[in-house]
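The block underneath contains the structure these notes are about, expressed in structure tokens.
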Amino acid sequence: MSAVDLCLLTAGLLLGLGPLALLGQGRGRSSAVVYSASGLLCAVLALSGLAGLGGLGIGTSRVLPLGLPWMGAHFAFDALTAFFLVVLGFGGGIISLYAIGYGRHEHAPMRVLPFYPAFLGAMALVLLAADAFSFLLSWEVMSLLSWALVLTHHQEEDARKAGYVYLVMAGFGTMSLLLAFGLLAGPDGAYQFDAMRGTAHPPLMAVAILGLMLLGAGSKAGLAPLHVWLPLAHPAAPSHVSALMSGVMTKVALYGFIRVVFDLLGPVAWWASPVVILLGAGTAVLGILLAMMERDLKRALAYSTIENIGVIFAALGLAMAFRANGMTAAAALAFTAALFHIFNHMAFKSLLFMGAGSVLNATGLRDLDGLGGLIHRMPVTSFLVLVGAMAISALPPLNGFASEWLIFQAVLLSPDAPQAAVQMIIPAAGGLLALAAALAAACFVRIYGVGFLGRPHSEAAANAQEVDRVSLTAMALLAATCLLAGIFPGTVIDAMAPVVDAMLSGRLPVQADETWFTIIPIAESRSSYSGMLVFVFVALSASAAAWAVHRFASDRLRRAPAWDCGFPDASPLTQYSAGGFAQPIRRVYGTDLLGARETVTMPPPGDTGPARHELLVGDPSWNGIYLRLALAVTYVTTRMNRLQFLTIRRYLTLVFMSLIVLLVGLMLWR
Amino acid sequence: MAFLSDPVHIILGLPLASAALLAVLPGYRLSSRINILACLITFLAAFALFFVERPAPGTYFLVDELNIVFIVLNTFVGFTAATFSASYIAHELEIGRLTPAYLRFYHAMYQVMMFGMNLALLSNNIGLMWVAVEIATLSTVLMVGIYRTHEALEAAWKYFILGSVGIALALFGTILVYLAAQPVLGEGQPAMIWTNLLLHANDIDPALLNLAFVFLLLGYGTKVGLAPLHAWLPDAHAEGPTPISAVLSGLLLNVALYAVLRFKMIMAANDMALDPGPLMITMGLVSLIFAALMLYRRRDIKRLFAYSSIEHMGIIVFAFGMGGPLANFAGLLHMVMHSLTKSAIFFSVGHVAQIKGTQKIAEIRGLTQSHPLLGWGLAAGVLAIAGLPPFGVFMSEFLVVTSTFSREPVLALLLVLGILLAFGALLLRLTGFIFGEPTGELKPSEASYVPLFAHMGLVLMAGIYLPGAMVAWFQAVARLLG
Amino acid sequence: MPGIAFDTAHLLSGGLLLVSFMMIYQDRMFSLLRIFALHAVVLSLSVAWQAYIQGAPHLYVTAAIALIFKAIIIPSALRRIVVQLGIHREVETVVGIGVTMLAGIGLSALSIVLMLDVTQGADPYAREDLAFALSVVLLGLLMMVTRRNAVSQIVGFMSLENGMILAAAGAKGMPLVVEISVAFSVMVAFIVIGVFLFRIRERFDSVDVSVMDQHRGDQR
Amino acid sequence: MILQLFVQGIQMLLVVALAPLLVGIVRRVKARLTRHRGAPLIQPYRDILRLMRKEVVLAENASWLFRVTPYMVFAGTWVAAALVPTFSTGLQFSWTADLIAIVALLGSARFFLALAGMDVGTSFGGIGSSREMMIATLAEPAMLLTVFSLALVAGSTQLSHVSAYLASPEVGLRVTLGMGLIALVIVALAENARIPVDNPSTHLELTMVHEAMVLEYSGRHLAMIELASALKLLLYVSLIGCIFFPWGIAQPGDGLARHGLALLLYVAKLAVAGTLLALFETSIAKMRVFRVPNFIGTALMLALLGALLLFVTRSV
């Protein structure tokens, strides 16, 4: 059985598992069975992906007599597919493991179980598809199933709104993809990827395809300003689904972008790439600023996903810029960085969403200002979330830093590009990326500090219980991944080399030969980084210092009340809240970028009523684009609605006028 | 029984005979069963057309690759709608919206309508086709008004008046075609036979043909429901019995479209005549975008889906207007898929309206919670009609959009705009229907969901897998359409 | 074809168009009905003349139907309705008579221009006849859309239909003409009965919109 | 190889040993400038030792994170400081982390410190953490842009290489370098909680940033944190020294004597830097928190401008 057949079979089984789940009716152990089966099948996908990266089964393909009848459904297994299968299988597998524990608390299992495995299967099919129709079909099925999952708790108004916005955005994205494939395929409908690869596209058309892909894949991945569904949909879904959507599905969207832009399209004019880079960098900053302002834990994580997607797009844009100039080594560096970050984000964002899910299960709360003190009540979860938070904040020696470091190395190569625009825009974008990274650290200090540290803000948080071992195991596995990928980045880079080679016909130098697991992207004199040594040094010096201090100085310790500034028994509410923590950053960046407005209403002198502090922060793209669009549609439809209530005479007039118009047209046509 | 050996005779004769029988039979149970049976046999006969040797085109009848698709679809949906109608109509009788006498009338008219549509599809004679379309129209007018409420009468009346004008315009067009063809083909019947017309299309005076096409497009276009000739359609769908709405959307529109297509083929065969493409594209786009915008403010669930039918007719007419093998294939496929899906939607809407006792959109909530099977069935239907995979409509939209974009980017963008607008509106409503806390009574529905899921099953299958024979068939037809 | 036959046919068709114009000009109900009867008479004459010159006996049937049904029965039925339902004796128009006349002239011009394209070799009578028929059809439609009153709209529809019969009769050897005229007569009867039975004059065009809205399914 | 390992070891000990001295110099000079006598230069050493020996008074709500943080902060800063060339570029492990990684290591230390500020659950910790992170969001991009323009000049982000390149005679005076220097100094002031961004000697709650964050620390924990901040100051001084004033820094091939000389020179550089810092701090007032963005924004602009100017000069 070839690799592609194995993966197809697995995807088919996942799809079939959905309807099978209906039989269980959500009773008893059926959810555990479904999730375990999904996890195992995901493991198969991950292993085939890994084997593929090792060179096994690459190039196998299969045509099934489905889909477009005269063409069949084409599926293929290449290095890019293999890499994303690893992302999907690994992420999906661990999330399924988590779901075994988490799913027990689901009160509407029948709204999750039938869709969950099928969602995984659809994503696998997207990765395997090798013609436009199968690709879009799987893509849309993936959207549809995740839509159903978002609406698990459909009684909530928010979930319904989220589902609606999500599906409309998905529809918009699909239409853009449809147009992009229309251009790629040409008027004769050469829908196979192989045929598209062979066709040369005029420069302007290539740019148009790129633009449409940015709209299509970007809207699914969460590229600003098409990201608005993400912060709505992710909090609404059950947490393991959020993890899957944020950690894995956005990656599948990126796969679509990479597949078309890097594989099918060929080099695009260089002047298109700065747009991608700036879009990505802008998305990163906007996303993380919005995350900074958000009180809802899962929504903040969703915004942070937008940031990371922005970072990845910026890296892909860099790769495009370098490729357009024939700088293969530099392009390989940027592309490797993007892939690495894709893998990393899958790991830490899934981990963080699982953490949020555990917190949600333990306390029933998503509001940061209701949490606090969880590090005492849920020590393991808190520790694992801390690892995730460090990784996503790009702190060495964890994996988030390794990929960001590579991206900065790629940014530093931009002076070699011949065009002044590329030279000047990329450093600016690099500045934006640095800003986003710094803001991400601030954002996660805020999330962790307010949500997990300090004293509990609410009864629910004070009585939280640690979650079950299965969930913890799943989270621990991802935390370990974050650490390992951070310490041994060279191994990961080498594993990704076949993908880079397949897309760009070039790769980074082999990293396995370097001592101490150092990575050297270009040359040692230029830059190098050894995550392992940093880890060892920091761990050694910290423990040495601790040992020395305890041994030679003092190890006495006394518990006492915190310093209260003379006001004893301060309520936990006097702690810094999520909003309070964000205030300095909001003042600095939010006033202009997000239109943040604060108003303080003081009661008149003598009145003992409370003062009111109101804060208005909004997503500028929501208010600037979507709300206006909705208003425009409402306006037009309201005006047009009168056409439903005309008299028969007026309708006849319409018929008459059409006739006259056509007749006059006919007269003029001659 | 040589008469019965020809399926065409059964397809036409059986509905007429059953109509006569049903007109005199009391008792709705028996009638509805006879109705189903008659439709089933008609369908089987239509299906048999695939296997028997086709008669040569005659003065009156014609069986070719184009209309066989239509006729099989027509009789099939007629059959499933009759099945649905049996379970639907019992409830209407129960709550007293209909009396047994009206039911007798209803069943008889159902068969008359089927006869009219089958006749229109089978006729090789443009005069006969016109007559048949009018029979179908007038019989549906009577069905729409059957509830005798003010609203129903108003809708039927509007349908009747606008329909009459449409009839007149189509007739004028038909006369013009005859006038144009008569110098070439001779007087009398020969100048009205479609196969002859097509054969000698190039010799026919193009100016008259152009003029005729304008009238025919508007006349039959009124029946197709193309904006701005659509006004009868939403109200007729909304106020008639739901099986009739299903038949209207699923079949009658197709029949009218079929008539337009036949004339389009003649136009295309004449080198000097006006290219019907741009005209159809324009009308298709106008209908699509107009209907998509109108979807947003609907308050009645059946009107909502009626406007969606206008929208889809727009897409289909657009596809046929674009022409070429891919677009024609897509147009045909879309038409079939739309018929199946839209009638399935109306089946489920009928049940929903009976359960909830209302057609008001605002009062239908949380169906997946209160009636999971019905709710998800409706969801599948609406998602399918909105163009989402894995349903068949997606495939046809995929083909239309992709093949158009590389030929006419601007048109494709408009098409996409319209599809997206409609998508937004349908999804907005669907979210309301199937999610949230259920409203109204939670009584179970005793209706049969078989027709609904049979249709959706077919639509689902078509979205993933189209049998090769069917594809070859469609491709042949697509070539035929030019 | 002998010249006299052609000229007579021509004259009758032209007469029909002229009467159409008279109907548009007319703003009193009863005289409108009288002129409509005249319209039907002219049509009947024209069809009969066609029957004669084409030697097509079935066209005599059509002529008879037109005469009996449209010139006598329907006008008197409409007159009864107007009296019984107390419909205004004035015809309410949407735009002024003058403007309507101008539009009508424009429509006739349009029809003639369109017919000029028709191959010169075609039967000249058919061509001229068609131009007139098309004008009559368009004028009928014009009348339907510019009159608020149900009765005058019915009259408009019938004159439209007359134009159609004229075209059909002028087309040599056209089958189904009789059937068509019967069908149309039945349809018009339906309309008349509809107006009469359901008193739905306001459904054509309401004086009071709010009343009608109550009878619409989809409330605003 | 052996020498490099030796140099690396010396450097590790040296930075810890010298860091309190630098703080002592700054305090002493400041005191003198304001006509105080001032504490002796070794006072910071005494403070740290005394703190080490004291018992820790831990807030009731403090978690393990609070107790681990001092060592993590110290270790992170120490490793970073050990990788910045002070008197010699021939460090055995210099390739472990380039300038970007060093900045990120300091970021890790700050991350933990800010978390620790939030851990006890009082509002002082929160105020310090949130302001610290805000300042970091401004300082880090400025720092990275500076790194960027330096890397453009030197073709590397590896500090040893940068330093060696800039020490070589072919590098003349460059506008970009000047701008980079100003930017780096501003960033250093901000990062080390110096005036005008923060006041290291204040204990008035509403004006504190760094001190508010560590308010709950006592005993050996406080000692580690004090030592870490001293190390950080030293790190930035060494950084500025090795990039902009690389005179006399020993190269890998040089002998022992050369290294000894470089060491002395380095101590002298420290003294000069401490004096200059004290001079600057006494001559300027602390800013309002919300004027800080403008101040650090200047660094950001300068760094960006420096990078762009470089393109202009390169393309000519």
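As a basis for the values below, the full set of heavy atoms in this structure was taken, side chains included, without hydrogen atoms, waters or symmetry mates.
- If you measure heavy-atom distances from D:L144 to chain A, the contacts under 4.5 Å come from the side chain alone.
- In this structure, chain A has heavy atoms under 4.5 Å from both the backbone and the side chain of D:I100.
- Ranked by non-hydrogen atom pairs under 4.5 Å with chain D, the options A:V534, A:V450, A:I519 are led by A:V534.
- Judged by distance alone, with hydrogens and angles left aside, the side-chain atoms of A:H376 form a donor-acceptor pair with the main-chain N or O of D:N61 at under 3.5 Å.
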Expected list for residues 112-125 of chain D: side-chain donor-acceptor pairs under 3.5 angstrom, two or more places apart:
unit_1	atom_1	unit_2	atom_2	d
D:D119	OD1	D:S63	OG	3.0
D:D119	OD2	D:S63	N	2.8
D:D119	OD2	D:S63	OG	2.9

* To do: Decide yes or no on ring pair (Phe, Tyr, Trp, His ring centres under 6.0 Å) for D:F148 and A:F408, but give the supporting numbers first.
  => CA-CA 9 Å; D:F148 191 82; A:F408 282 119; 9.1 Å; no

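- Between A:A394 and D:A104, the shortest heavy-atom distance links the atoms O-CB, 4.4 Å.
- Both the backbone and the side chain of D:L138 come within contact range of chain A, with heavy atoms under 4.5 Å apart.
- Side chain to side chain, A:Y589 and D:T137 meet the donor-acceptor criterion of an N or O pair below 3.5 Å.
- Ranked by heavy-atom pairs under 4.5 Å with chain D, the list A:L533, A:I520, A:L540 is led by A:L533.
- Using a 4.5 Å heavy-atom threshold, the side chains of D:F111 and A:S393 count as touching.
- Closest approach of A:S541 to D:W78, counting heavy atoms only: CB-CE3, 3.5 Å.
- For a residue to count as touching a neighbouring chain, one of its non-hydrogen atoms must lie under 4.5 Å from one of that chain's; by this rule D:R67 touches chain A with the side chain only.
- Between A:R558 and D:V56 there is no side-chain heavy-atom pair separated by less than 4.5 Å.
- Chosen from A:M292, A:H550, A:Q409, the residue pairing most often with chain D at heavy-atom distances under 4.5 Å is A:H550.
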Please table the atom pairs, donor to acceptor, closer than 3.5 Å between any side-chain atom in residues 428-444 of chain A and protein atoms at least two apart or in another chain.
none

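- Of the atoms belonging to D:V79, it is side-chain heavy atoms, and not backbone ones, that fall under 4.5 Å from chain A.
- Side-chain atoms of D:Q158 come within 3.5 Å of backbone atoms of A:S528 as a donor-acceptor pair (strictly under, hydrogens ignored).
- In this structure the side chain of A:P396 reaches within 4.5 angstrom of the side chain of D:S108, judged on heavy atoms.
- When all heavy atoms are compared, the tightest approach of D:S130 to A:F581 is CB-O, 3.3 Å.
- Of the possible polar contacts, none joining the A:S530 side chain to the D:T96 backbone as a donor-acceptor pair under 3.5 Å is found.
- Classified by interplanar angle (parallel below 30°, tilted 30° to 60°, perpendicular above 60°), the ring pair A:F383/D:W64 is tilted.
- Heavy-atom neighbours of chain A within the stretch residues 218-226 of chain D, taken at a separation under 4.5 angstrom, comprise D:R220, D:M224.
- Separating the CD1 atom in A:I375 from the CG atom in D:L65 is a distance of 5.0 Å, to the nearest 0.5 Å.
- Residue contact with chain D, scored on non-hydrogen atoms closer than 4.5 Å, involves the side chain of A:F401 exclusively.
- The candidate with the highest count of non-hydrogen atom pairs below 4.5 Å against chain D, out of A:V445, A:L398, A:V538, is A:V445.
- Within the 4.5 angstrom heavy-atom criterion, no atom of D:A142 approaches chain A.
- Interatomic distance, D:L215 CG to A:W563 CH2, rounded to the nearest 0.5 Å: 6.0 Å.
- For the atom pair CG (D:L308) and CE (A:M424), the distance works out to 5.5 Å, reported to the nearest 0.5 Å.
- Closest of all the heavy-atom pairs between D:A151 and A:L412 is CB-CD2, 3.9 Å.
- Shown here for D:E60 and A:P561, the closest heavy-atom pair between the two residues is OE2-N, 3.6 Å.
- Residues of residues 290-307 of chain D that come within less than 4.5 angstrom of chain A, heavy atom to heavy atom, are D:F290, D:P293, D:L304 in numerical order.
- For A:L386, the part sitting under 4.5 Å from any heavy atom of chain D is the side chain, from C-beta outward, and nothing else.
- In this structure, chain D has no heavy atom under 4.5 Å from any part of A:S577.
- Ranked by heavy-atom pairs under 4.5 Å with chain A, the list D:M72, D:M52, D:E140 is led by D:M52.
- With a threshold of 4.5 angstrom between heavy atoms, D:F66 does not approach chain A through any atom at all.
- With a 4.5 angstrom heavy-atom cutoff, A:T574 touches chain D only via backbone atoms.
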